[in-house]
Protein chains: 2
Amino acid sequence: MRHLLPYKYIEEIAKAGSIRKAAESLAITPSALNRRLLTIEDELGVQIFERLAVGVRLNTAGEILLEHIRNQMSDMARVQSQIADLSGQRRGNVSIAASPELLGSFLASEVRKYQSEFPGVTFKVQQKFRGDVERALIEHDADIGIVYEPVKLADFQTIYNIVQPVYCIMDQSHPLAKKQKLRLYECAEYPLILTERSWGVRNLLEQSAIRLGINLRAVIQTDARGFLINYERENDQLSFDIQINIPDNLEERGMVAVPINPLDVPEGFIFVGHLKGRTIPVASARFLEQVTTEMAGRFG
Amino acid sequence: MRHLLPYKYIEEIAKAGSIRKAAESLAITPSALNRRLLTIEDELGVQIFERLAVGVRLNTAGEILLEHIRNQMSDMARVQSQIADLSGQRRGNVSIAASPELLGSFLASEVRKYQSEFPGVTFKVQQKFRGDVERALIEHDADIGIVYEPVKLADFQTIYNIVQPVYCIMDQSHPLAKKQKLRLYECAEYPLILTERSWGVRNLLEQSAIRLGINLRAVIQTDARGFLINYERENDQLSFDIQINIPDNLEERGMVAVPINPLDVPEGFIFVGHLKGRTIPVASARFLEQVTTEMAGRFG
DNA sequence: AAGAGTGGTGCATTTTTTGCACCACCCTTG
DNA sequence: CAAGGGTGGTGCAAAAAATGCACCACTCTT
């Protein structure tokens, strides 16, 4: 698609903030790039960038144009995807922005399943925290968004959503391991392994703790999955996760997951969808379908 | 916008049905045009046109691409319009597809009013019958649609609608001229001037006539406005029109308009709007606003 | 005051596009 | 059946457009 090369150039200049830097990453001369920009501005009749001493910056007209460019480029990708799908081949790139809670095991196995059927499709999976998923969609950095406990959904087109209770994960020998349901104050008596506050699970826990007047002591604060679901958890530490992120072989590892009473910690929501008003490429749409079907089958 | 020249070429080839004809209307060599097409198909990886002995025809992939092209081109027009509007200037072209009932006096005066304020804006007004307005929008042949008694509204985004009763127009000396309301059978006793059946008014009349078992005798069947509202109507002929299309100076012309009992002929609807899912250019949006405000003021 | 960064420009070179002439093909028409 | 007018496709030379290089003017930091 050589004819939307100018678009790519503009986008790169906007991102780099300077013609020279953009030229470098585009592997052309600053001179050539500069002239292309001038030509575009001339055709458009207005400046797109304001010239500063340290580089260039998009002005309002440029913002409008850039939004159009991003729409246009991903719409073109969709068209190519649809056309390729006509001839039976399924190609393209599925770009996903997902909360870390989804990346533990669920999404990986879904991608594996899809790719075994359509090897021509590539994937790009980005970990984004609650509020950042929607932004990734707006900036056309991702086609599909999967969020646990989203901050807002103004530009989010929800295709499917599902409740996900919070589980407490511990060693089989833990005093709480035999319970059917846990109260939050019971957990709070043990040393906790917690994630950063940007995680949806942590957020739910914190809010509940405040409401109930409980203090959560984090002996380890980490985002590394290895700590949250540990092979050899020697002590009485507890960690938390949502249902979908708990691996199947948890028991083999000598561990158990016990649900927390939803009256203490309310169940969170997983939202699956894409940018409002967009038609996403065929491969992405099919993958979305597969994911929602799988979710509905397992938790619906 | 030179970079979307290829789009223009494809659209023209599709419209002309032959590379040579398209080349002629694009004022370039068939050879050059052919090569551009081949390049595009090569970049896309698929054929866009099937080659026939008498020319070329879009295949399915081409249909998908063409839809994208049309969206892209009118979206670009919108972006340019928005950018121009930033600097205070209002430019652009307002393209309207409207039922003939609206073209008598209403739209002309609205256009005049708008252009006196924004001389930089040009207009394109197309007369389309009931079912054709929506098609014009779908093919991006028009930004704004105004229909009296539309056939369907599947892809139509209604911004405003209003009821419009049918009036009977006659000379002041006509026996029916003094009535406050007319029954349809009263009209049927006189010679009628009717439009083609594709008009919304005619359609309403015909359906009512069938329902009531009345026979409408058209002594003149014409679409010419001069006949419908005639300066010197010598005989007792009657014509019909809707409220908005009746000129202000009807009385000066020695004529009167008497409403028909809505129990006989139901009131029709005028729908004002644009293609669903589209953001129309600034100038078009403002004009739409003006039209709906005017309608609401006069008939709301 | 020096230096490193920025965007802009004249000119020769390279790359791309175009026009011309022509080919092979198909269908209509005489 | 043959001729003729239409179609899309292609080799080659000319024209046009884009690029790279060297350099300028400028601003801000050091």
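Each chain gets a letter, A, B and so on, in the order its sequence line appears, and its residues count up from 1. Quick caveat: nothing in here was measured; it's all calculated off a predicted structure.
Heavy atoms of A/Ile28 sit under 4.0 angstrom from primed sugar atoms or phosphate atoms, though from no base atom. At the heavy-atom level, A/Ser31 lies under 4.0 Å from base atoms of the strands shown.
Here salt bridge (charged side-chain N to carboxylate O under 4.0 Å, His left out) pairs that include residues 127-154 of chain B, with residues two or more places apart or in two chains, are B/Asp132-B/Arg135, B/Glu134-B/Lys152, B/Asp143-B/Arg278.
Atom CG in A/Leu26 sits roughly 11 Å away from atom P in D/dG20 (whole-Å rounding). Atom P of nucleotide D/dC24 and atom CG of A/Asn34 are separated by 17 Å, given to the nearest angstrom. Protein atom NZ of B/Lys21 is 9 Å distant from nucleotide atom P of D/dG6, rounded to whole Å. Between the CG atom of A/Leu33 and the C1' atom of D/dT19 there is a distance of 12 Å, given to the nearest Å. Spacing between atom CG of A/Leu37 and atom P of D/dA18 amounts to 14 Å, rounded to whole angstrom units. The CZ-P distance, from A/Arg36 to D/dA17, rounds to 13 Å in whole Å. Spacing between atom CG of B/Leu38 and atom C1' of D/dG11 amounts to 14 Å, rounded to whole angstrom units. Atoms CG (A/Asp42) and P (D/dA17) sit 14 Å apart, rounded to a whole Å.
Annotation: of the two residues near DNA chain D, A/Arg20 and A/Ala53, the 5′-most nearest-nucleotide partner is A/Arg20. Two residues, A/Val56 and A/Arg35, neighbour DNA chain C, and the one matched to the more 5' nucleotide by heavy-atom proximity is A/Val56.
Remark: A/Arg51 is not in phosphate contact with D/dC26, judged by side-chain N or O atoms under 4.0 Å from OP1 or OP2.
In this model, no donor atom of one side chain and acceptor atom of the other lie less than 3.5 Å apart for B/Arg202 and B/Gln207. When only modelled atom types and interatomic distance are considered, A/Thr195 and A/Gln221 share no side-chain donor-acceptor pair under 3.5 Å. Using modelled atom types and a 3.5 Å distance limit, the side chains of A/Ser74 and A/Arg70 yield no donor-acceptor pair.
Taking the ring axis of B/Phe118 as reference, the NZ or CZ atom of B/Arg90 stays within 45° of it and closer than 6.0 Å to the ring centre.
Residues meeting the ring-ring contact (aromatic ring centres under 6.0 Å, His included) test with B/Tyr148, sequence neighbours left out: none.
Ring orientation note: the planes of A/Trp199 and A/Phe129 are tilted relative to one another, at an angle of 30° to 60°.
Nucleotides of DNA chain C lying under 4.0 Å from heavy atoms of chain A occupy a range whose first and last members, 5' to 3', are C/dT6 to C/dT17.
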